[in-house]
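The structure displayed is predicted, hence computed values, not measured ones. A note on names: the letters A, B, ... follow the listed sequences, proteins ahead of strands, and every chain is numbered from 1.
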Protein chains: 2
Amino acid sequence: MAGQKAARRGGKNPEDKVGARNREKILRAAVDVFARKGLDGTRIQEIADQCGLPKANVYYYFSTKQEIYTHVIEHLLTGWDKAFEHITPDRDPREAIAVYVRAKLDYSRKHAAESRFFANEMLRGAHFLSKQQKLHMQRVTRERSAVVEGWVRDGKMAPVDARHFFIMLWAATQFYGDFEPLAANALEKSKLAKADYDAAADTITTIVLNGCGVSA
Amino acid sequence: MAGQKAARRGGKNPEDKVGARNREKILRAAVDVFARKGLDGTRIQEIADQCGLPKANVYYYFSTKQEIYTHVIEHLLTGWDKAFEHITPDRDPREAIAVYVRAKLDYSRKHAAESRFFANEMLRGAHFLSKQQKLHMQRVTRERSAVVEGWVRDGKMAPVDARHFFIMLWAATQFYGDFEPLAANALEKSKLAKADYDAAADTITTIVLNGCGVSA
DNA sequence: GTCTATATTTTGATAGAC
DNA sequence: GTCTATCAAAATATAGAC
């Protein structure tokens, strides 16, 4: 009986299923450990334990710890600007901003490990972010800031510094996922629930929309 | 000529100057390294290098790495609630909030290492914050939230969830110091200057004050 | 592709001379 | 109090059998 290896046609399995799945498992585990410990604080053994693979197998797929770290960054940055898609010139600023805040908070809650990993990398000085990745983020920020500046020019919202405006939204929305212990403690709860994120969305959107003169 | 040791009166120096100064040097260096690397990622050697002392001397003053970490936390928490002092019932909310935002941003800029250390500890799950320290933070947050709730009741500002309101202010103000690479990149600068913090203060206070109906 | 065993380096922590 | 030398444990990374 032919096993799962070399099934059907002889020779190598062209679909490369096993390798792809194991790489995925390693990267998923790595995001979580790196998020909590950073590059220097992370032990390969801990990544191995968390994904149920022997340490040597981790080294079979990635040759150094840094290589895993770099792959994780690459993987994460693909989704960094996703929420920005809501900020378009044709939309009403009121609706666009409200949806943007919800999307960012949603990401912070559902992908807390990724969000913390990114926060950790920034905290350390962003030394592993490539020049190209920084330029990409700059370009996207510039484009969406232009949209806000357009809204201001058209009198659709009060004048604000668009970049500082976005930084404020990032800060307010990332905080709940990244610094959950601090937020939970302030709310006198042991951990945050969906309802807390909803309350956060309400407070942030109310203040921000009112704050730039686009309230209902 | 009598040296600095055992000056004037014989026997031990009762002022214990040397020990105190070295402890200070170690803790100052430790804040910075812990802020960038976290507990697990920090090497005692790096702390020693940064304060110009041999590694063995660090162990003379502190017996384990964790002990240094705990001392740093203790030292930092004494100033955590400092800015809250501006939030008092007798003050005008408009002025109190504006001063609070400036004070937090100032701390974020001038004590970036301390701020990042704290952020790092939260990111890792706040496992080294004692129950007592958490309760202190809860109490202070509760007290100042009551002040905001009082302002709302008196019709001095629009209704907001006071705790989420404070979380938003913490987030917006800490962001610049903690995640400087991200903020600087968004502003297309290599690093933040005092002027950028001023612009941040303007944007935050304008939006927040407008946002809760206490604008000029 | 998987996994045990191990080589090599680094690190937390200590001993003991000054 | 200071500092060199060093131990014991842990970590990165590799070898090589299956």
Take the C1' atoms of the five end pairs on each side of the helix from dG1(C)-dC18(D) to dC18(C)-dG1(D), derive the two axes, and give their angle rounded to 10 degrees. 0°
Which residues pass the side-chain contact (heavy atoms from CB on, under 4.5 Å) test with Lys110(B), sequence neighbours left out? Asp106(B)
What does the list of N/O pairs under 3.5 Å between the protein and nucleotides 10-12 of chain C look like, with a distance for each?
| residue | atom | partner | partner atom | Å |
| --- | --- | --- | --- | --- |
| dG12(C) | OP1 | Thr42(B) | O | 3.1 |
| dG12(C) | OP1 | Lys65(B) | NZ | 3.4 |
| dG12(C) | OP2 | Ile44(B) | N | 3.1 |
| dG12(C) | N7 | Lys55(B) | NZ | 3.1 |

Measure the distance from CG on Asn57(B) to C1' on dA15(C) and round it to the nearest whole Å. 14 Å
Residues at least two apart in sequence or cross-chain that pass side chain to side chain donor-acceptor pair (under 3.5 Å) with Asn57(A), listed by chain then number, are none
Checking Asp202(A) now: which residues fulfil side chain to side chain donor-acceptor pair (under 3.5 Å) with it, not counting sequence neighbours? Arg102(A)
List for me each residue that meets side chain to side chain donor-acceptor pair (under 3.5 Å) alongside Lys194(B), sequence neighbours excluded, and say none if there are none. Asp198(B)
With a cut-off of less than 4.0 Å, is there a side-chain N or O of Asn22(B) near OP1 or OP2 of dT2(D)? yes
For Lys17(B) and dT2(D), give me the distance from atom NZ to atom P, rounded to whole Å. 15 Å
Can you sort out the partners of Tyr107(B) under ring-ring contact (aromatic ring centres under 6.0 Å, His included), two or more places apart, ordered by chain and number? His111(B)
I want to verify a distance call: between dC3(D), dT2(D), dT2(C), whose nearest atom is closest to the Tyr60(A) side chain? dT2(C)
Sort and list the pairs that fulfil salt bridge (Lys or Arg N to Asp or Glu O under 4.0 Å) and have at least one residue in residues 52-65 of chain A, not counting sequence neighbours. none
Extract all donor-acceptor atom pairs below 3.5 Å that involve side chains of residues 121-135 of chain A and protein atoms in other chains or at least two apart in sequence.
| residue | atom | partner | partner atom | Å |
| --- | --- | --- | --- | --- |
| Glu121(A) | OE1 | Tyr69(A) | OH | 2.6 |
| Glu121(A) | OE2 | His127(A) | N | 3.3 |
| Glu121(A) | OE2 | Phe128(A) | N | 2.9 |
| Arg124(A) | NE | Asn120(A) | OD1 | 2.4 |
| Arg124(A) | NH1 | Arg36(B) | O | 3.2 |
| Arg124(A) | NH2 | Lys37(A) | O | 3.3 |
| Arg124(A) | NH2 | Asn120(A) | OD1 | 3.3 |
| Arg124(A) | NH2 | Lys37(B) | O | 3.3 |
| His127(A) | NE2 | Arg124(A) | O | 3.4 |
| Ser130(A) | OG | Gln133(A) | N | 3.0 |
| Ser130(A) | OG | Gln133(A) | OE1 | 3.3 |
| Gln133(A) | OE1 | Ser130(A) | N | 2.8 |
| Gln133(A) | NE2 | Glu74(A) | OE1 | 3.2 |

Short of 4.0 Å, heavy atom to strand atom, which residues of residues 25-33 of chain A count as contacting DNA chain D? none
Roughly how many Å is it from OH in Tyr69(A) to C1' in dT12(D), rounded to a whole number? 18 Å
State, yes or no, whether a side-chain contact exists between Leu27(A) and Ile68(A) at a heavy-atom distance under 4.5 Å. yes
Base, sugar-phosphate, or nothing: which does Tyr61(B) touch, judged by heavy atoms less than 4.0 Å apart? sugar-phosphate
Test side chain to side chain donor-acceptor pair (under 3.5 Å) applied to Arg163(A) - qualifying residues, sequence neighbours left out: Glu188(B)
Rounded to whole Å, how long is the line connecting atom CZ of Phe62(A) with atom C1' of dG1(C)? 15 Å
More than 12 heavy atoms from other groups under 6.0 Å of NE2 on His136(A): yes
Mapping Gly52(B) and Ala56(A) onto DNA chain D by nearest heavy atom, which one lands closer to the 5' end? Gly52(B)
Could you note down all residue pairs passing ring-ring contact (aromatic ring centres under 6.0 Å, His included) where residues 38-65 of chain A supplies at least one of them, sequence neighbours left out? Phe62(A)-His71(A)
